[in-house]
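The figures here come from the full heavy-atom set of this structure, side chains too, leaving out hydrogens, waters and symmetry mates. Each chain gets a letter, A, B and so on, in the order its sequence line appears, and its residues count up from 1.
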Number of protein chains: 2
Amino acid sequence: MDATHAFEHLPHKTIERLSQYRRALLICLENKKTHIFSHEIAKIQHITSVQVRRDLMLIGYSGTLRQGYNIQELIDLIGEIIDSEELTKVAVMGLGDLGRALVNYFHDKRSKLDIVAIFDINPDKTGTLFNGVPCYSVEEIPTIIQEENISIGIITVPAVQAPVTAGRLVKAGIKGILNYTPTPIQVPNDVYLEELDMITTLEKIAFYVKLSDEKNALKQ
Amino acid sequence: MDATHAFEHLPHKTIERLSQYRRALLICLENKKTHIFSHEIAKIQHITSVQVRRDLMLIGYSGTLRQGYNIQELIDLIGEIIDSEELTKVAVMGLGDLGRALVNYFHDKRSKLDIVAIFDINPDKTGTLFNGVPCYSVEEIPTIIQEENISIGIITVPAVQAPVTAGRLVKAGIKGILNYTPTPIQVPNDVYLEELDMITTLEKIAFYVKLSDEKNALKQ
DNA sequence: TAAATACTGTTAAATAAATAACAGTACAAA
DNA sequence: TTTGTACTGTTATTTATTTAACAGTATTTA
Ligand SMILES: NC(=O)c1ccc[n+]([C@@H]2O[C@H](COP(=O)([O-])OP(=O)(O)OC[C@H]3O[C@@H](n4cnc5c(N)ncnc54)[C@H](O)[C@@H]3O)[C@@H](O)[C@H]2O)c1
Ligand SMILES: NC(=O)c1ccc[n+]([C@@H]2O[C@H](COP(=O)([O-])OP(=O)(O)OC[C@H]3O[C@@H](n4cnc5c(N)ncnc54)[C@H](O)[C@@H]3O)[C@@H](O)[C@H]2O)c1
């Protein structure tokens, strides 16, 4: 009945890549391309063509020999798998530099995800619209989250405020949280949590840069 | 001689976690804790204590039975492994909302990574200081990158400008790039590239939220 | 001083993910 | 026609990562 059920056991990494494939495919579509080969997708994503074909096999999509994959069809299929039928509503907690960047970024994206609310404690910000999205006070969290049926919260408040903000979201019945602050938070098991810190990413890059530097130094 | 050599084959995931452990440990240190158990670190990072102990085994660090790990020692050791001896210099490309958020975020972090330059095309921004960091014009990319010995570039320009910006960085001899725009870029093999898009992260969260919703619906 | 407890550290096993190998096929060129 | 080429799709293998199992031990409790 529901397509999702069959895709329950897709590898986590495949889910991520499907989202990335779609993003790339949408750009190709804008450039009036109608078909694409696995090795073209692979090049864009910095992976191998085998991996692309394997992912597409897992979702049961077949291309045409010598023509490749139909871009529009593939976009639609990926949508059926990873998107919800209804809009998934998202709230941004904290309208600072990062919050603004995220709301702006979303603004021109046509997507099944929609930022429909911002929450802040600063009275200069609450009650205003930013990019068409209303900014509410934190007192309104429970009512707005429930009335609007918001399922995902993005935390971009000052780091020390992250745990209390997460607590409010959980209490309001949020289903998923993306925490951008460097302060790790605790949530119940049934809330899907992702924490993403730039420092970790940069430190990883720095480590591998250092490693390759040292290898080059040895060669000489 | 150099400690790094022995740590060349650490799993990528371990490298990421070491950075995260350190971040958490620094907070603990501020709270006047001196020792910590593997299960405490695990809880903070949402992983198992076995994984923590295994990671620490891989880097050859031993704790004390019944006392746990010495936080300061562990922080220092992680630093020896993942940090470079000298400061790793970083440039931010594009001083928009996201660029500002990143520079601000770094500002109060004591770290071996340092944002020392910003590049922008907007003449209102070039020639100024933001948070103490000079903003240069894009023409100055080659000279500044080389003179300052900048090894990592963070791309936060408008998406369409990402490929040309990456090209300039590569030409200037950059070693690693973190691309925050949704436009995938191509770089030579010897440049370490990481691309990070919020939409992918959010779509993944949305997928697993949907999955768990459907499971709950079935149960009833 | 013996047993229970609460940890660490290591090896072994299981799981997840990526890669390789290769069979199949439409099309083009000879 | 036949052969070569350039692809897809699938299964098998390898590699990477996580988890489990458990041996070892300092400390407390009885
Ligand atoms: N993960 C990353 O890569 C990354 C990058 C940059 C910044 N950050 C982090 O993101 C967070 C936000 O950064 P920023 O530069 O936008 O900060 P900012 O200070 O510009 O903005 C914070 C906003 O949150 C609001 N706020 C404060 N307390 C609040 C509360 N309890 N509830 C709701 N709103 C509240 C403030 O009024 C302000 O508008 C910081 O924790 C920062 O460390 C993370
Ligand atoms: N990965 C994510 O999670 C995420 C989140 C938000 C935004 N983004 C992306 O990050 C990018 C920046 O977002 P923003 O909100 O800061 O945009 P912005 O428009 O506020 O800022 C862009 C800045 O880049 C400068 N610029 C333009 N062309 C340039 C060039 N060729 N060289 C140097 N500087 C140049 C502009 O003058 C401006 O200051 C966008 O591509 C956006 O899509 C990514």
Side-chain angles (χ1 to χ4, degrees), chain A residues 6-21 25 28 33-71 73-74 77-78 81 189 194 200 204 207-208 211, chain B residues 6-21 25 28 33-71 73-74 77-78 81 189 193-195 200 204 207-208 211:
Chain A
F7 301 122
E8 195 173 328
H9 298 295
L10 286 176
H12 282 49
K13 288 294 180 71
T14 296
I15 298 294
E16 279 180 30
R17 283 191 298 264
L18 288 176
S19 163
Q20 289 164 351
Y21 296 161
L25 292 171
C28 294
K33 261 178 88 104
T34 63
H35 289 75
I36 192 166
F37 295 123
S38 61
H39 66 259
E40 292 178 293
I41 301 179
K43 174 125 195 250
I44 298 170
Q45 300 302 146
H46 316 292
I47 56 178
T48 67
S49 63
V50 183
Q51 184 137 74
V52 174
R53 291 202 297 280
R54 217 180 176 292
D55 284 335
L56 299 192
M57 185 197 86
L58 290 175
I59 64 171
Y61 186 66
S62 291
T64 318
L65 214 44
R66 292 240 151 196
Q67 259 198 112
Y69 304 92
N70 180 301
I71 293 175
E73 274 178 27
L74 188 45
L77 178 57
I78 292 175
I81 294 166
N189 255 335
E194 195 87 23
T200 292
K204 190 172 79 172
F207 176 81
Y208 287 108
L211 216 61
Chain B
F7 300 121
E8 196 173 327
H9 298 294
L10 286 176
H12 281 49
K13 289 295 181 70
T14 296
I15 298 295
E16 279 181 29
R17 282 191 298 263
L18 287 176
S19 164
Q20 289 164 350
Y21 296 161
L25 292 171
C28 294
K33 261 179 87 105
T34 62
H35 289 76
I36 193 166
F37 295 123
S38 61
H39 66 258
E40 292 177 293
I41 300 179
K43 172 121 195 253
I44 297 171
Q45 299 302 144
H46 316 292
I47 56 178
T48 66
S49 63
V50 183
Q51 185 138 72
V52 174
R53 291 202 299 279
R54 217 182 176 291
D55 284 335
L56 299 191
M57 186 197 85
L58 290 175
I59 64 171
Y61 186 67
S62 290
T64 320
L65 214 46
R66 291 244 152 193
Q67 258 198 113
Y69 303 92
N70 180 299
I71 293 176
E73 274 178 28
L74 189 45
L77 177 57
I78 292 175
I81 294 166
N189 254 335
L193 172 66
E194 195 87 24
E195 307 200 294
T200 293
K204 189 171 80 172
F207 176 80
Y208 287 108
L211 215 62

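Protein atom CG of Leu10(A) is 11 Å distant from nucleotide atom P of dA17(C), rounded to whole Å. Distance, Leu58(B) CG to dT18(D) P: 11 Å, rounded to whole Å. Distance Leu74(A) CG to dG9(D) P: 11 Å, rounded to the nearest Å. Rounded to an integer number of Å, the gap from His46(B) NE2 to dT18(D) C1' is 18 Å. Whole-Å rounding puts the Arg54(B) CZ to dT8(C) C1' distance at 14 Å. Rounded to whole Å, the distance from NE2 on His12(B) to C1' on dA17(C) is 14 Å. If you measure from atom CG of Leu18(B) to atom P of dT17(D), you get 13 Å, rounded to the nearest angstrom. Remark: P of dA17(C) and CE of Met57(A) are 14 Å apart, rounded to the nearest angstrom.
For Phe37(A), the side-chain atoms get nearest to dT8(D) when compared with the rest of dT8(D), dT19(C), dT18(D). The side chain of Leu65(B) approaches dC7(C) more closely than any other nucleotide in the set dC7(C), dA18(C), dT8(D). Checking dG9(C), dT10(D), dT8(D) against the side-chain heavy atoms of Val50(A) singles out dT10(D) as nearest. With dT8(D), dT8(C), dT19(C) as the choices, the nucleotide that has an atom nearest any side-chain atom of Tyr69(A) turns out to be dT8(D).
Looking at every heavy atom in both residues, His35(A) comes nearest to Gly68(A) through CD2-O, 4.3 Å. For Leu10(A) against Tyr208(B), the heavy-atom pair with the smallest separation is O-OH, 4.3 Å. The two atoms that bring Thr200(B) and Gln20(A) nearest to each other are OG1-CG, 3.5 Å, heavy atoms only.
Between the side chain of Glu40(A) and the backbone N or O of Phe37(A), at least one donor-acceptor pair lies under 3.5 Å.
Taking the side chain as every heavy atom from C-beta outward, Thr14(A) and Arg17(A) approach each other to under 4.5 Å.
Residue Thr14(B) is out of contact with every strand shown, counting any heavy-atom pair closer than 4.0 Å. Residue contacts for Ser49(A): at a heavy-atom cut-off of 4.0 Å it reaches no nucleic acid atom on any strand shown.
Residue Arg53(A) places at least one side-chain N or O closer than 4.0 Å to OP1 or OP2 of dT8(D).
Comparing Arg66(A) and Tyr61(A), the nucleotide of DNA chain D nearest to each residue sits closer to the 5' end for Arg66(A).
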